[in-house]
Every structure is written in C-alpha cells, then in structure tokens.
2 protein chains.
Amino acid sequence: MKHFITIKDIAKELDISVSTVSRALRDTYDVNKETREKVLEMAIKLKYKPNFNATGLAKGSSHNIAVILPFITNYYFSTVITGIQEVAYQSGYNIVLYVTNDSPEREIDIISNLPITSLDGLLVSIASNSDYFDHFVEVMANEIPIVFFDRVANNLETSKVLQDDYNGAFEGVEHLIENGYKKIAHIAGPDTLTFTQNRLRGYLDALHKHQLSTKEEWIVHSGFSQEDGKKDAELLMSLADRPDSIFAANDRKAIGAILYLKSKGIKVGEEMGVVGFTNDPSSEIISPALTTIAEPAFEIGKKSCELLLKHIERKNFHPQEIVFPGKLIVRESSSKTI
Amino acid sequence: MKHFITIKDIAKELDISVSTVSRALRDTYDVNKETREKVLEMAIKLKYKPNFNATGLAKGSSHNIAVILPFITNYYFSTVITGIQEVAYQSGYNIVLYVTNDSPEREIDIISNLPITSLDGLLVSIASNSDYFDHFVEVMANEIPIVFFDRVANNLETSKVLQDDYNGAFEGVEHLIENGYKKIAHIAGPDTLTFTQNRLRGYLDALHKHQLSTKEEWIVHSGFSQEDGKKDAELLMSLADRPDSIFAANDRKAIGAILYLKSKGIKVGEEMGVVGFTNDPSSEIISPALTTIAEPAFEIGKKSCELLLKHIERKNFHPQEIVFPGKLIVRESSSKTI
DNA sequence: CTGAAAGCGCTTACAG
DNA sequence: CTGAAAGCGCTTACAG
C-alpha cells in the first residue's frame, strides 16, 4: 500500500494536534503566527502534499473541473483548452478532460457518469446534434455550475461564452460583396447548432443590406470537416446557376472547398471567392491563402474558465453571456485581382 | 451543502447494512444473488453515483490518470490524447490534463504539485529541454506508475511508447536519394530530445549507406514550429554550397521551409526536395503536397494508455518499450519530375 | 489560540 | 452470506 505524508505526521513531529496543523495549513483561521510558521516549515521539510480525496470528502469541493467537448484535434478546440488550462493552472484547479467525438449518445453517457462528487464545475461545448439537455439540468440541480462555450445549449440558466458569429459572418460576406462578388453561396454547419444559425443570419442580412439575393440551393448544410467542404463545393459547382463565391461556416470547410476548386482548375480568388471562419493556421498554408474571420479561441478558453471559477467561488454569481468580436483577416482567396 | 445519494441511503431503503450494499455494488465478494439484485435495482432507482473521493480515500485508488505534455495545439499531440481518451473512457478512467507549454520549469512545477494521492498513474511526454528527472523518480517512489510516449526520459525504469524514428528518417532520406537528390540537408529539432537524435542518426546512416556525405552546416537544430522551419530554410539557402533537398524533423518545420522556398520563387519538388515527418493534415493542404513519414498518433495514444492501465492493475507488470513503425507517404514535394 | 471529537462516504478485516 | 466497527486524511463546530 502506498504511503504518503499526512497532517498527522506533521502533528506528531511538532507535538501539536492535527486540528491545529489543518488550520495552519490554510490561512483562513486564527492560528498563532509562530505555530503556523513551524507547521509550514515542517510541511515543506516532509514534502507534505494534501490528499485531495480527503479534503474533497470533508469539504465537498475538489478543485477539479470537467471540460467536455466534441473534439480536441482541431485548432479551435485545442486552443480553447489551452486557454482554459492556463487559468486553471494559475488558480490551482485540475482539468478533467472528456471528448464526446461529437456524438450525442456519448455525451449523455459521459455526463450521466460524471464523477460528480469530485467535480466543482463543468465547461462544455455540446455535440452537433444534441437536443436532449436534461442531464445538464440534473448536474445543475446538484449545484455544480456549468459554463458553455461556442456550442451552447440554449434555455439553460448558465453563463455562456461565444464569438460574435452573426457580425463575423456579416462582415465576411460584406467583404465578398465589396470585392465584387454577387452570387454568394454559404456552406453551413449542422442547422441544429446555434452558432450555425447565427452565421447563416449574418450571411443573409449582409446580402439583404446590399440588395443581393440568394437561392435555396446556394445554402448547403453539412458537417464541419474538410471532406464536408469538398463535397459541398462539388455540389455547388454542379448547379446550373453556379455561385461566384462561397462563405464557409469554418476554415476546414473553406479549405476543403478550395482544394476541390483547385482540382477542377478553377482559379480561387479571381474566378471564385472564398471566405472562411476561425483563422485556423491552415488558412495561411493553403494557396491562395484564405480570407477568414479570426476567433479569439485562447481568450474564449480563458474567459470561460474565469467565469466558471466565479460561479464556483461565489454561490450566487449571476450568469453572464460574453460575446467576443471576430476580426476579418483579408488574404488572397477573396480578391478578384490577385 | 450539496447532497448526493450514498450507499447509506440504499441501505436504509432496503433495511440492510452499508457493508452489504458496498459489497453488492462491486462484484468481487460473496453476496446473496437476490440481495445483490435488490441493491443494484435500488442504486439505479435512486440514481446512486459512487463518491470517488470516498472510494479513493478508502482504497487508495482513484481511477484518475494524469496526462502531461508540452502542447495540445498540434495534430500529433491532440491525436495522441484522443487515443488515450478512447481507452480511458472504455475502462472507466478519467483523464486529468496538464500542459507544460514545453517549459521545463513549468513541467517541474506541475509534477511537484500533482494531486498525487488522487492519481493512479501518469502518461507523459517531456518538454524539449528537460534534463532534470528527479521529480519523476519521486512520483515513482510513491508507486505511481508512469508511461512515457514520444518524448521520453531515458534511464527511467518505465514503459515507453515510440514511433520508429530511426527507420522512419532512414526511409525518408533514402527516398530522397532514390529520387535523385544528392545534397540533403536536415533541419532537426532540439538536440536534447532522444527522438531528434534518432531521426538524425537515421538521416546520417541513409546517407552513409548510399555513399553520400553531408556537411556540418547542412544540419541545423532549432525548435519544432513552422517559424523555425522557415528560418532554418532561410539559413540553408544563404549558404555558399546550397543543399538540393531538406529532410525536416517534422511536418510543421517542413511546411515552414516550403513556404519560405515558395516565397523565394524556388520550385519545391523539382529544384528542391522536401520530406517531413508526422503526416499532419496540413501536409496535404500545402502545395506542392508534402512527402512525409506517417506516425500512428492515435495508436500511440491507445497503446500508452493500455500499458499504463496494466501497470496500475498489475503491481509487477514488467516495463515494456513499444515501437511503432512509420510509413512513407509519397506526395509531390520530393519528386524531381512533378 | 488550541485540542478532542464527530463526520464526510466508502472499504475491509473480523466475527458470526 | 451479513453486520458492526475501525479506518482512509482531512475539516470544523464545540469547548475551553
């Protein structure tokens, strides 16, 4: 059996009670200054490490937060986690990671089996086709706060952190219009996701503002992968009335589309404008380089974690919704004259 | 205070002792079949969730494993974690994630402050310039098993999971030679890392086998980023005796190099061959597409986690070193006749 | 300012 | 096969 140094060892060594050691170790209680110093010294000398199972049991808090998201193998999510992690690390919290693979079933299974008694809060971005949120309600009923980011569950009284999907899309499409494109298609994400809907609205409103119209067949919903983008572009190019440009819901789709267009000898930029969303590093690698809306993924991660910690530490912290503005990054894929 | 259902609630409801409930909940002990079934039913009915702080305290195991690595914002590491996570999920283990940002200081700080009493094992990939491993020894002294992957600490009696860096490099360089390149440079990683050394050896031995020579100035060590690759290529191109091809330690460096070469109007493939290592998805996005050695990142993650679980479950499981073969993927960046 | 005692939820010899 | 009891390491009213 493993043996670790406990407060009992410190107490024995110093010939005082464990209660006093316990109090000295946290600085919230009245303890004689010298006693505290002796305890602290001894703790370092013995390399004492608190047993979080025990503190968790006794106090009902664990300094663990769960992060639950669809994937981690892409720029956006991995950067968000890095931001979350930065704040958690500074604040002495541990991150427990769960990946749903974008499957609603797996999401439900994970949430229902969460080691909820050793979790102080949850940070979550839901799966594309999640439509059942009762398991979140159950978690919240246990007084475990949740903060949603990016892919949020509406109708839940929790804090949310988002990028400005509507205005980002609006700006991206307007940029296309200003550069002379008139027949703008939109390859969108799954229409169940709120941010997909917001980007679609931004697209529609930008067209409307400039008295341009779209066609139903120019709006295609599918997944978020490069492969999806490829297929969407193929579909658009097969139309009798072809668009002259594409606003993609994210960069991976945009890149898939560009790859397809290039393979067909279509000159991206000149012949066919493309604008993405995210500012994935790949958008600089592809040629022509991709014009896109940059999302502050790292900041979103940091802010989400900060909010969650506030909820954890202040019982009645009022839920907030934070929206980060996007930023248009103009590159080569959207200029008729490269 | 939060209140959760406990085994006491089940016991009271059924009018039996908590000991019996406890035993019925795990199936290792002799319990009357009917009793067990009643308990299991009631547990479901009351939505009982075990308190892992309590089981951890009582048993000294927590079903938590820590994953500690330099970054998660790249293809390789995020895919490895996905593999780890897959196995952990199937086996009912939780992943506690720590990111060192490739900083040895942060790595030491993290490892020294690990909630070691609530961790069953560690999966780690060290920072580039780590050279102090005593904190790992300390962890191991507490009977917490460690499995290293990719960036391993030598001289430690633990299991290790790697790709075949030597042979991968050898094959990549030989491929360049077979395609007619003769003056092959190597843009390497930090020379402190074992896998960097192995890839360098593979490069050297392939040249040697084909009676080709290199020059000291053709071997340049730097970091692993795209930016590093760019700078390395710039340096190589400034040489009086320029190489005619580059074997890069990873794809990001290779891509940086290609981007630089393209910006100088150098025709990659024809004029200048480039081969990478990893098979990052970006290697298909860049044009010309990058020839590379594919690493089975997902498999490496799975295997690492499987090994760790064996160490956790079987006290005297003998440390193993697993090496996964790489696979040459030929694309456009290495063929003189595109 | 400090100590003794009860308790957090679970496990596990020890009896029977 | 089952129960009573002690214990895991820590916290926290309660006394003093």
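Note that the coordinates shown come from a computational prediction; the quantities given were computed from them, not determined experimentally. Per chain, numbering begins at 1; letters A, B, ... match sequence-line order.
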Exercise. Please examine the side chains of Met140(A) and Ile146(A), heavy atoms only from C-beta on, and report whether any two atoms are closer than 4.5 Å.
Key: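 Counting from C-beta outward, Ile146(A) and Met140(A) do come under 4.5 Å.
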
Exercise. For the residue pair Phe317(A) and His311(A), categorise the inter-ring angle as parallel (less than 30°), tilted (30 to 60°) or perpendicular (more than 60°).
Key: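 Ring orientation of Phe317(A) relative to His311(A): perpendicular.
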
Quiz item: Taking atom C1' of dC10(D) as reference, at what distance in whole Å does atom NE2 of His63(A) sit?
Solution: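 Answer to the nearest Å: 14 Å.
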
Quiz item: Is there a side-chain contact between Ile16(B) and Val39(B), using heavy atoms and a 4.5 Å cut-off?
Solution: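 Counting from C-beta outward, Ile16(B) and Val39(B) do come under 4.5 Å.
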
Quiz item: Just to confirm, is there a sub-4.0 Å distance from OP1 or OP2 of dT11(C) to any side-chain nitrogen or oxygen of Ser22(B)?
Solution: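 Yes, Ser22(B) has a side-chain N/O under 4.0 Å of OP1/OP2 on dT11(C).
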
Quiz item: How are the rings of Phe136(B) and Phe133(B) set to each other: parallel, tilted or perpendicular (split at 30° and 60°)?
Solution: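 Aromatic pair Phe136(B)/Phe133(B) classed tilted.
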
Exercise. For Tyr48(A), report the nucleic acid contact type (base, sugar-phosphate, nothing); a contact means any heavy atom under 4.0 Å.
Key: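 Tyr48(A): backbone/sugar contact only, no base atoms under 4.0 Å.
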
Exercise. Output the distance between atom CD (Glu34(A)) and atom CZ (Arg36(A)), rounded to the nearest 0.5 Å.
Key: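 It comes to 12.5 Å.
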
Exercise. Fit a plane to each ring of Phe149(B) and Phe77(B), take the angle between them on a 0 to 90° scale, and name the class: parallel (under 30°), tilted (30 to 60°) or perpendicular (over 60°).
Key: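 Rings of Phe149(B) and Phe77(B): perpendicular, as their planes differ by over 60°.
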
Quiz item: Which whole-number value in Å describes the distance from Arg26(A) CZ to dC10(D) C1'?
Solution: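 In whole Å, dC10(D) C1' lies 9 Å from Arg26(A) CZ.
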
Quiz item: In whole angstroms, how far is the P atom of dG9(D) from the CG atom of Asp9(A)?
Solution: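 Atom-to-atom, Asp9(A) to dG9(D), this comes out as 9 Å.
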
Self-check item: Spacing between Asn51(A) atom CG and dG9(C) atom C1', to the nearest angstrom
Solution: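 The distance from CG of Asn51(A) to C1' of dG9(C) comes to 14 Å, rounded to the nearest Å.
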
Exercise. Could you check which of dG7(C), dG9(C), dC10(C) has an atom nearest any side-chain atom of Thr55(B)?
Key: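 Looking only at side-chain atoms, Thr55(B) lies closest to dC10(C).
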
Exercise. State, without any angle test, whether Asp102(B) and Ser128(B) hold a side-chain donor-acceptor pair at a distance under 3.5 Å.
Key: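 Note: Asp102(B) and Ser128(B) side chains meet the donor-acceptor criterion.
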
Quiz item: Once you round it to whole Å, what is the distance between C1' of dG9(C) and NZ of Lys8(B)?
Solution: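 Nearest whole value for this atom pair: 8 Å.
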
Exercise. Give the rounded distance in Å between these two atoms: CD1 of Ile10(A) and C1' of dG9(D).
Key: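 Going from CD1 in Ile10(A) over to C1' in dG9(D) covers 12 Å.
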
Quiz item: Got a salt bridge between Lys45(B) and Glu13(B), using NZ or NE/NH1/NH2 to carboxylate O under 4.0 Å?
Solution: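 The answer is no: the pair does not qualify as a salt bridge.
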
Under 3.5 Å, N/O pairs linking protein and nucleotides 2-6 of chain D:
from, atom 1, to, atom 2, distance (Å)
dT2(D), OP1, Thr35(B), OG1, 2.7
dT2(D), OP2, Asn32(B), N, 3.0
dG3(D), OP2, Ser17(B), N, 3.1
dG3(D), OP2, Ser17(B), OG, 2.9
dG3(D), OP2, Thr20(B), OG1, 2.5
dG3(D), N7, Arg23(B), NH2, 2.6
dG3(D), O6, Arg23(B), NH1, 3.1
dG3(D), O6, Arg23(B), NH2, 3.2
dA4(D), N7, Ser19(B), OG, 3.2
dA4(D), N6, Ser19(B), OG, 3.0

Practice problem: Using both pair distances under 3.5 Å as the test, note the stems of at least 3 consecutive Watson-Crick or G-U pairs that include DNA chain D. | Solution: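 Stem list for DNA chain D: C:1-3 with D:14-16, C:5-12 with D:5-12, C:14-16 with D:1-3.
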
Quiz item: Lys59(A) has an atom NZ; how far is it from atom P of dT11(D), in whole Å?
Solution: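 Atom NZ in Lys59(A) sits about 6 Å away from atom P in dT11(D).
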
Quiz item: Can you check the Leu57(A) CG to dC10(C) P distance for me, whole Å?
Solution: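 Nearest whole value for this atom pair: 8 Å.
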
Quiz prompt | Lys33(B) vs Pro50(A), nearer the 5' end of DNA chain D by closest nucleotide | solution =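 Whichever sits nearer the 5' end wins; that is Lys33(B).
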
Practice problem: Establish, from distance only, whether the side-chain atoms of Thr194(A) and Asn154(A) form a donor-acceptor pair under 3.5 Å. | Solution: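 Yes, side-chain donor-acceptor contact under 3.5 Å.
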
